[in-house]
Amino acid sequence: MQYKCKLTVIDKKVFPDLQEQYLEDPKSGACPFYEVGAEYIFERYGDEDTFWTQGKGSQCSEAWDCFSRYVYTALQGGSIMRGWTNDEHMMIACCNDGTRPVIFRIERLDYKVVYVDAPAQIQAEIAGKLKALDGVTDAVYRADKNFIEVYMDRNREVSDAQITAAAGNVTRID
């Protein structure tokens with residue numbers, strides 16, 4: 001099993017009274033860095049390690065300080081917030097900016113990497129078959145990497161045998 005982490009901006013708040021009282025620019029408004037609905041995917045598989053590349057400069061340093069530990073935990077397959085949220089694979093967090101906080105949903109994505117000995121067009125069709133398996137939430141053919149990512153329901157792992165039966169010429173599953 002492999003893991004990714006999906007970070008979604010779910011809300012932004014502004015407290016004009018606090019900005020007026022404490023900031024040098026009392027009309028600074030909402031955070032200019034993030035937009036509600038923006039998504040960021042972090043992964044660590046093969047030659048990809050976006051935890052490091054997306055963390056350097058592509059995230060606000062105050063926000064990165066608040067959520068990077070949860071992203072790293074998710075990428076290692078850990079429980080993000082057991083006993084706190086209703087799904088231990090998910091966490092709600094916000095940045096430290098007290099006058100204009102940004103609120104994030106952090107989710108661990110569980111998936112398997114499936115290598116199939118078949119042409120690209122056939123692999124895209126196989127991804128469609130894998131997507132139909134019970135317990136699979138999505139299956140995506142990565143033409144840039146020549147493999148299929150099979151995303152699992154967090155509570156139902158799909159076995160390698162099920163994947164192989166649906167895909168055919170599987171050469172490796174990570």
Side-chain angles (χ1 to χ4, degrees), residues 1-14 30-98 100-115 124 126-145 147-160 162-163 166-167 173-174:
M1 184 75 69
Q2 303 300 318
Y3 308 97
K4 290 187 182 187
C5 185
K6 180 178 171 183
L7 181 76
T8 306
V9 178
I10 60 172
D11 204 355
K12 291 169 48 166
K13 301 291 183 191
V14 179
C31 171
F33 199 93
Y34 294 103
E35 295 302 323
V36 172
E39 295 180 348
Y40 304 89
I41 301 291
F42 297 91
E43 64 182 303
R44 298 182 90 187
Y45 178 77
D47 61 352
E48 295 289 332
D49 191 348
T50 57
F51 178 78
W52 299 110
T53 58
Q54 283 193 25
K56 291 182 178 177
S58 69
Q59 303 293 326
C60 166
S61 61
E62 283 299 312
W64 183 249
D65 239 13
C66 295
F67 61 68
S68 63
R69 75 190 94 210
Y70 303 115
V71 171
Y72 190 77
T73 299
L75 290 173
Q76 303 308 314
S79 170
I80 299 175
M81 197 45 68
R82 178 173 289 170
W84 185 255
T85 58
N86 60 9
D87 178 350
E88 70 178 277
H89 301 95
M90 185 264 310
M91 171 67 182
I92 303 299
C94 70
C95 73
N96 288 327
D97 190 332
R100 56 183 184 184
V102 177
I103 303 166
F104 302 91
R105 181 177 57 233
I106 306 154
E107 301 173 81
R108 186 182 96 192
L109 305 176
D110 300 357
Y111 73 106
K112 292 185 178 184
V113 177
V114 180
Y115 292 88
I126 292 170
K129 290 180 186 176
L130 292 170
K131 195 174 189 175
L133 289 175
D134 191 30
V136 171
T137 59
D138 200 6
V140 179
Y141 172 58
R142 293 277 308 265
D144 61 327
K145 303 290 184 181
F147 57 65
I148 301 170
E149 294 175 338
V150 181
Y151 292 88
M152 313 287 166
D153 179 308
R154 292 182 186 121
N155 301 308
R156 295 201 52 200
E157 183 177 341
V158 178
S159 73
D160 291 357
Q162 290 172 288
I163 290 171
I173 298 177
D174 290 338

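Quick caveat: nothing in here was measured; it's all calculated off a predicted structure. Just the heavy atoms: all of them, side chains too, but no hydrogens, waters or symmetry mates, feed the values below. For reference, positions follow the sequence shown, starting with 1.
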- Message: Would you compute the distance between atom NZ of K131 and atom OG1 of T137 and round it to the nearest 0.5 angstrom?
- Response: 9.0 Å
- Assign the ring pair W64 / F42 to parallel, tilted or perpendicular, where the plane angle (0 to 90°) is split at 30° and 60°. tilted
- Note on the structure: A127 and Y141 have their tightest heavy-atom pair at CB-N, 4.1 Å
- Message: So does R108 get a backbone contact from the side chain of R154, meaning a donor-acceptor N/O pair under 3.5 Å?
- Response: yes
- The reported gap from OH in Y151 to CG in L109 (rounded to nearest 0.5 angstrom) is 6.5 Å
- Taking the six-membered ring for Trp, are the ring centroids of Y3 and Y111 within less than 6.0 Å of each other? no
- Task: May I ask you to decide whether D47 forms a salt bridge with K145, counting only side-chain N to carboxylate O separations under 4.0 Å?
- Result: yes
- Short N-O contact, D160 and K112, less than 4.0 angstrom: yes
- Query: Given the rule in the side-chain contact (heavy atoms from CB on, under 4.5 Å) test, do R44 and Q76 qualify, once you have shown the distances and angles that lead to the verdict?
  - Reply: CA-CA 9 Å; R44 298 182 90 187; Q76 303 308 314; 2.8 Å; yes
- Query: Measuring from K13:NZ to C94:SG, what's the distance to the nearest 0.5 Å?
  - Reply: 10.5 Å
- Message: I need the minimum non-hydrogen distance between Y70 and A93, along with the two atoms involved.
- Response: CE1-CB, 4.5 Å
- Message: If you apply the rule side-chain contact (heavy atoms from CB on, under 4.5 Å), what do you find for L7 with F67, and how did you get there?
- Response: CA-CA 9 Å; L7 181 76; F67 61 68; 3.4 Å; yes
- Query: Measuring from M91:CE to C66:SG, what's the distance to the nearest 0.5 Å?
  - Reply: 10.0 Å
- Message: Is the shortest side-chain heavy-atom distance between I163 and I173 below 4.5 Å?
- Response: yes
- Query: Stepwise, does the side-chain contact (heavy atoms from CB on, under 4.5 Å) test hold for Y34 with Y40?
  - Reply: CA-CA 11 Å; Y34 294 103; Y40 304 89; 3.6 Å; yes
- So, K12 side chain and R100 main chain: donor-acceptor pair closer than 3.5 Å or not? no
- Determine, using ring centers only, whether F147 and Y45 are less than 6.0 Å apart. yes
- Message: Show the nearest heavy-atom pair for residues I10 and V36, with the distance to one decimal.
- Response: O-CG1, 3.9 Å
- Message: When you compare the side chain of E62 with that of D97, does any pair of heavy atoms fall below 4.5 Å?
- Response: no
- Any I126 side-chain heavy atom under 4.5 Å of I148 side chain: yes
- Message: Could you report the tightest heavy-atom contact between L75 and E43, atom names first, then the distance?
- Response: CD2-CA, 3.8 Å
- Heavy atoms of P101 and C95 approach each other most closely as CA-SG, 3.7 Å
- Message: Side chains of V158 and V150, heavy atoms from C-beta outward: is any pair under 4.5 Å?
- Response: no
- Verify side-chain contact (heavy atoms from CB on, under 4.5 Å) between I41 and T50, making sure each step is shown before the conclusion. CA-CA 8 Å; I41 301 291; T50 57; over 6 Å; no
- Query: Looking at CE of M90 and OG1 of T8, how far apart are the two atoms once the value is rounded to the nearest 0.5 Å?
  - Reply: 11.0 Å
- Within-4.5 Å side-chain heavy-atom neighbours: M152 and M1: yes
- Message: Rounded to the nearest 0.5 Å, what separates atom OG1 in T85 from atom CD1 in I106?
- Response: 10.0 Å
- Test item: T73 side-chain N/O and I80 main-chain N/O as donor-acceptor pair under 3.5 Å: no
- Item | Donor-acceptor side-chain pairing of Q162 and S159 below 3.5 angstrom | yes
